[in-house]
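The block underneath contains the structure these notes are about, expressed in structure tokens.
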There are 2 protein chains.
Amino acid sequence: MSDRPATLRDVAAAARVHPATASRALNPGTRLLVSEETARRVTEAAERLGYRPNPVARSLRTRRSHTIGVLIPDLNNPLFPPIVRGLEDRLAKHGYVVLIGNTDGDLARERMVFDQMRARHVDGFVLATATLHNPLLAEAAEADLPVVLMNRTAQGYQFSSVSVDNEQGEWAAVAHLASLGHSRIGHIAGPQEISTGVSRLRGFLDGMRAAGLAADESRIVYATGYSIEEGRRCGHELLAPGSGLTAIVAANDMLAVGCYGAFDDLGLRCPEDIAVIGFNDMPFIDRLRPPLSTVRFPHYKLGTEAAKLLLERIEDPDSPVKILYLAPELVVRGSAVPLAPAAVAGLPGGAADPDDMIAPNTVPLRRGAGRRKR
Amino acid sequence: MSDRPATLRDVAAAARVHPATASRALNPGTRLLVSEETARRVTEAAERLGYRPNPVARSLRTRRSHTIGVLIPDLNNPLFPPIVRGLEDRLAKHGYVVLIGNTDGDLARERMVFDQMRARHVDGFVLATATLHNPLLAEAAEADLPVVLMNRTAQGYQFSSVSVDNEQGEWAAVAHLASLGHSRIGHIAGPQEISTGVSRLRGFLDGMRAAGLAADESRIVYATGYSIEEGRRCGHELLAPGSGLTAIVAANDMLAVGCYGAFDDLGLRCPEDIAVIGFNDMPFIDRLRPPLSTVRFPHYKLGTEAAKLLLERIEDPDSPVKILYLAPELVVRGSAVPLAPAAVAGLPGGAADPDDMIAPNTVPLRRGAGRRKR
DNA sequence: GGGGCGGGAACAATCGTTTTCCGTTTCTCG
DNA sequence: CGAGAAACGGAAAACGATTGTTCCCGCCCC
């Protein structure tokens, strides 16, 4: 009947108990502190009045906001929505809610968003933007904030993380190309301040070595960011006259899409003239012209696993740090086909024999094979 | 030096004033209540201690959370990220933060998310999921919650809304097809419980009439949702043997993408055998095979405008209700080309003469022309 | 010179929960 | 039967801000 929403006081009054008792009765953790009968009376009164605890008041007292801050580069990148949904869905099950912050790859913006979230007393962070050495990480570590790194790793910090086995993925991409007869393969590397940039480059190099192929510096160009524009620029650079490349491994789908643009500019046909393989298997990437061959990993699951790690951390700050790798798989589509015999003729053959790897469509990978220490 | 973050109390103590005074000094709205000298002392103390107001405590007292609830069908739909960013960016300027809720088109889920957000005391809602008659709307209206409808409208409620002039957009799509020589044009209509579904259908019908073309029921099929699967299903239905359609206007890009699938299934080539036009100009839709011709509207701006409307409403509950329409424009790409002469021959010519509408690439539209009342 | 006025700051009361600290009561068992 | 220990639940103090009210004091004016 009251106009204002019912408060704990009201419930207590209705149940003829003290507010403190009502609180105990309603809280699962403390319910055993009151008699069954009282608990029943309180619950019933709460029910009757349509009582909804005020999360703000609760937060003020308990210093927990049940809110998680998530930092990502840009929600517009189709890679992130499924990951974020994984996070949200999992966290929602435990009563947490997500605040999304877009950094646009800008350190100042990242700082702003981070501070803003700290001010709002988020209970933890999921960082998908961390660069290898990041002041935020130091700060978070010092403040003892629960943090999980997602799709990123950082050295020297005690943070749990979940990411993809990038080395394996890129290794498989190279092996695939080699099996198709390609030997002059270039790489568009991601930014080297970002963990994915370096690990994918490493995977590429390992893969080339394993296939007995040369991978000198002239065949590697570094993107300054994971964007279509950068992909296009790097594509041009890689395909400068005389390079003779027949295939490109791009560190990320966006870069690969940029390559498509470069191919158009240069009048090259993909896959006939030039092959390209991406990384991530973004939504809709299978509908491009041609459908992009790429390395897939379970996006949604990346989110749910990150959420699990973070929840562990929040519920028990002393829980062990976990580093989780998700297995990637190669998805063979239309952007890389066997090298035309004519072109193959004069080339030194690839040494790899990855027959056992190239299943009809997708190839689950095992961890460990091509992986290096450090 | 203190370990815990500084509180208003600390600041007050440092400035040798009462906490209340410190509060007033720090708050722009009440600063004039304290002397200049005191204000300076307080501000300085706050600065020195690195004071950050605790938003939770503030919320408890002021009953404003500076949080906005945003309900969308699914973040994975590439249409939404840019819209959401528009919202976030604009709201952030005013110190608001956004909670995103995905409903997956499920009423029960929508209800859950809505309640959850109300429990968290959001200061307002942006609804991009509203169906024409929605219990949520009634509830929100009764509770006097600030609400803005985005990309949706609803009848009989006093809510501001911002959406696209769907009639104009679809009208232009039809005119374009007619100008290309198509006359047997089908429509995949969106769900009729959703405002975009009905207004785009209306635009289609108006457009057909204006072009002097027949649009009987057999050429309209209703999707139950804006999904690729539904698009495929409806595409099949529309292209059943004997239909003789040469073009399809889809109420949304997802449905159009679904059509691509149906074409593949049926061995039809697009655009040679069958043309299709979408709606929304989702990100990446220009990179499909073939690039989709579609109706574009400014996504980001839709978000910022919705934010502005909501802020108005929050700051002054008596501000007038505003219904805002954004102008769409036709984007001509590769999924609709002039009908081959052979096919055109035996057909009754389209009556439209839309020369003035078909600019080289995009066509800004004027409101009013093909629009109907009610 | 006293009453009135008003600016400026202090006091105190919230906001709605949780939680610590204690009184009661009741139960158990020697 | 009485001592000690559970078991319950009430009182009150937070949590950190905002805000209505009171109070003090200097100043103006009659």
Side-chain angles (χ1 to χ4, degrees), chain A residues 2-43 45-46 49-67 95 118-123, chain B residues 2-43 45-46 49-67 95 118-123:
Chain A
S2 74
D3 208 355
R4 297 266 139 245
T7 136
L8 189 57
R9 247 194 166 64
D10 304 334
V11 175
R16 326 191 97 243
V17 294
H18 193 273
T21 309
S23 169
R24 286 189 264 256
L26 259 20
N27 251 304
T30 48
R31 172 155 316 139
L32 346 86
L33 295 182
V34 312
S35 79
E36 183 141 349
E37 208 279 341
T38 325
R40 198 189 45 67
R41 236 174 44 238
V42 172
T43 330
L49 299 182
Y51 169 70
R52 301 302 236 159
N54 180 333
V56 179
R58 189 204 298 269
S59 286
L60 179 58
R61 181 65 227 232
T62 61
R63 329 185 72 85
R64 312 182 104 228
S65 60
H66 282 262
T67 298
R118 284 206 62 184
R120 286 196 175 247
H121 284 109
V122 297
D123 292 341
Chain B
S2 74
D3 207 356
R4 295 267 139 245
T7 139
L8 188 57
R9 247 194 165 65
D10 304 334
V11 175
R16 325 191 98 242
V17 294
H18 192 273
T21 310
S23 168
R24 285 189 254 260
L26 259 20
N27 249 300
T30 48
R31 174 156 314 143
L32 349 84
L33 295 182
V34 313
S35 79
E36 183 141 349
E37 206 280 338
T38 327
R40 199 188 44 67
R41 235 172 48 236
V42 172
T43 329
L49 300 183
Y51 169 69
R52 304 301 239 156
N54 181 332
V56 180
R58 190 204 296 269
S59 286
L60 179 58
R61 180 66 227 239
T62 62
R63 328 184 74 78
R64 315 183 101 225
S65 60
H66 283 262
T67 298
R118 284 205 62 183
R120 286 196 174 246
H121 284 111
V122 296
D123 292 341

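Convention: sequence-line order gives letters A, B, ...; per-chain numbering from 1.
- Between the CG atom of B:L26 and the P atom of C:dA9 there is a distance of 14 Å, rounded to whole Å.
- The span of DNA chain D lying next to chain A, judged by atoms under 4.0 Å from heavy atoms, is bounded 5' to 3' by D:dC8 to D:dG16.
- At a threshold of 4.0 angstrom between heavy atoms, the contacts of B:P53 are confined to the sugar-phosphate backbone, with no base atom among them.
- Taking for each of A:R24 and A:A57 the nucleotide of DNA chain D with the nearest heavy atom, the 5'-most of the two is the partner of A:R24.
- Note on A:R52: only backbone sugar-phosphate atoms sit closer than 4.0 angstrom, heavy atoms only; bases stay farther off.
- Rounding to whole angstrom units, NE2 of residue A:H66 and P of C:dT18 are separated by 10 Å.
- With contacts defined as side-chain heavy-atom distances shorter than 4.5 Å, the pair B:R118/A:R52 does not qualify.
- Look at CZ on A:R9: it is 14 Å from C1' on C:dT18, rounded to the nearest Å.
- Toward the 5′ end of DNA chain C lies the nearest nucleotide of B:T38, the other residue of the pair B:T38 and B:R63 mapping further downstream.
- Heavy atoms of A:S23 sit under 4.0 angstrom from at least one base atom.
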- Take A:S23 and A:T30, measure what side chain to side chain contact (heavy atoms under 4.5 Å, CB included) needs, and give me the verdict at the end. CA-CA 8 Å; A:S23 169; A:T30 48; 5.7 Å; no
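- A sub-4.0 Å separation between OP1 or OP2 of C:dC15 and a side-chain N or O of A:T7 is absent.
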- CA sep, side-chain torsions, deciding dist, call: B:D10, B:Y51, side chain to side chain contact (heavy atoms under 4.5 Å, CB included): CA-CA 9 Å; B:D10 304 334; B:Y51 169 69; over 6 Å; no
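- As judged by a 4.0 angstrom heavy-atom cut-off over every strand, A:V56 is placed among residues making no nucleic acid contact.
- For the pair B:R64 CZ and C:dT14 P, the interatomic distance rounds to 23 Å; values are reported in whole Å.
- Note: CG (A:L8) to P (C:dT19) measures 12 Å, nearest angstrom.
- A:L60 places its CG atom 12 Å from the P atom of C:dT19, with the value rounded to the nearest Å.
- C:dT20 atom C1' lies 12 Å from atom CG of A:L33, rounded to whole Å.
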- Item | side chain to side chain contact (heavy atoms under 4.5 Å, CB included) assessment of B:N54 paired with B:T7 | CA-CA 8 Å; B:N54 181 332; B:T7 139; over 6 Å; no
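- C:dA12 atom C1' lies 11 Å from atom CZ of B:R61, rounded to whole Å.
- Using a 4.0 Å cut-off between charged nitrogen and carboxylate oxygen, B:R40 and B:E36 do not count as a salt-bridge pair.
- Two residues, A:N27 and B:R16, neighbour DNA chain C, and the one matched to the more 5' nucleotide by heavy-atom proximity is B:R16.
- Of the inter-residue distances, the one linking B:T21 atom OG1 with B:L33 atom CG reads 10.0 Å to the nearest 0.5 angstrom.
- For A:R31, the CZ atom counts as densely surrounded, since its 6.0 Å shell holds more than 12 non-hydrogen atoms of other residues, nucleotides or ligands.
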